[in-house]
Amino acid sequence: MHRFRIAALADPQSLPRITGFFGQRGLVPATVAVQTGDGAMRLRIDVPGLDDGAAAVIASKLGALFAVTDVAMSDGVPPE
């Protein structure tokens, strides 16, 4: 399980753009959690079945999305 922690502007298109990124790659997250406040949005997305290389590429590409300000990724996260 890989966990992506994503910070983004709380723009109306940010959430579908970020979650759609996974769907376009045929990935179904186990968990999607979103918090908003002060014009920002923080997401935690847990994705099973990725190898470390694919997860690193996804984290890099997420960071290039419009309105995304930061991406952190960790591996070996137990499912909640």
Side-chain angles (χ1 to χ4, degrees):
M1 181 83 66
H2 286 80
R3 174 167 290 163
F4 297 86
R5 293 192 179 272
I6 304 159
L9 301 176
D11 177 91
Q13 292 301 312
S14 295
L15 183 59
R17 189 174 284 130
I18 293 166
T19 55
F21 181 88
F22 291 93
Q24 290 168 353
R25 284 151 183 81
L27 300 171
V28 178
T31 305
V32 176
V34 181
Q35 294 179 320
T36 60
D38 297 327
M41 179 170 56
R42 288 163 298 288
L43 295 90
R44 188 191 81 222
I45 301 176
D46 297 337
V47 181
L50 291 176
D51 63 51
D52 290 343
V57 168
I58 288 171
S60 175
K61 289 184 180 283
L62 282 167
L65 291 177
F66 173 76
V68 171
T69 58
D70 188 51
V71 177
M73 187 266 302
S74 55
D75 64 348
V77 177
E80 293 181 4

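What you see is a predicted model, and the numbers here were worked out from it, not measured in a lab.
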S.K.: Tell me whether Met1 shares a hydrophobic cluster with Phe22, the cluster being built from Ile, Leu, Val, Met, Phe, Trp, Tyr side chains joined at under 4.5 Å.
M.R.: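 No, separate clusters.
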
S.K.: Decide whether Leu43 and Leu50 are clustered together by the hydrophobic rule: side chain heavy atoms of Ile, Leu, Val, Met, Phe, Trp, Tyr closer than 4.5 Å, transitively.
M.R.: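 Yes, it is one cluster - the side chains of Leu43 and Leu50 are joined through contacts under 4.5 Å.
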
S.K.: Is the closest side-chain heavy-atom distance between Leu27 and Ile58 below 4.5 Å?
M.R.: yes

S.K.: Got a donor-acceptor contact below 3.5 angstrom from the Ser14 side chain to the Ala10 backbone?
M.R.: no

S.K.: Please determine if Arg25 forms a cation-pi arrangement with Phe21, meaning its NZ or CZ atom is less than 6.0 Å from the six-membered ring centre and no more than 45° off the ring axis.
M.R.: yes

S.K.: Work out which heavy atom in Asp51 is nearest to a heavy atom in Gly53; give both atom names and the distance.
M.R.: OD1-N, 3.0 Å

S.K.: In Å, rounded to the nearest 0.5 Å, how long is the span from CD1 of Ile6 to CG of Leu65?
M.R.: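 Taking CD1 in Ile6 and CG in Leu65, the distance rounds to 8.5 Å.
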
S.K.: Sequence neighbours excluded, which residues qualify as side chain to side chain donor-acceptor pair (under 3.5 Å) partners of Asp70?
M.R.: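 For Asp70 there are no side chain to side chain donor-acceptor pair (under 3.5 Å) partners, ignoring immediate neighbours.
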
S.K.: Between Val34 and Met73, is there a shared hydrophobic cluster once you connect ILVMFWY residues whose side-chain heavy atoms come closer than 4.5 Å?
M.R.: yes

S.K.: Would you name the heavy atoms of His2 and Asp52 that are closest together and state the gap between them?
M.R.: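 Result for this residue pair: NE2-OD1, 2.9 Å.
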
S.K.: For Arg44 and Asp46, work out which heavy atoms get closest and say how close.
M.R.: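 For Arg44 and Asp46, the tightest heavy-atom pair comes out as NE-OD2, 3.7 Å.
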
S.K.: Please report the closest heavy-atom contact between Met41 and Leu9, naming both atoms and the distance.
M.R.: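 For Met41 versus Leu9, the nearest heavy atoms are CE-O, 3.9 Å.
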
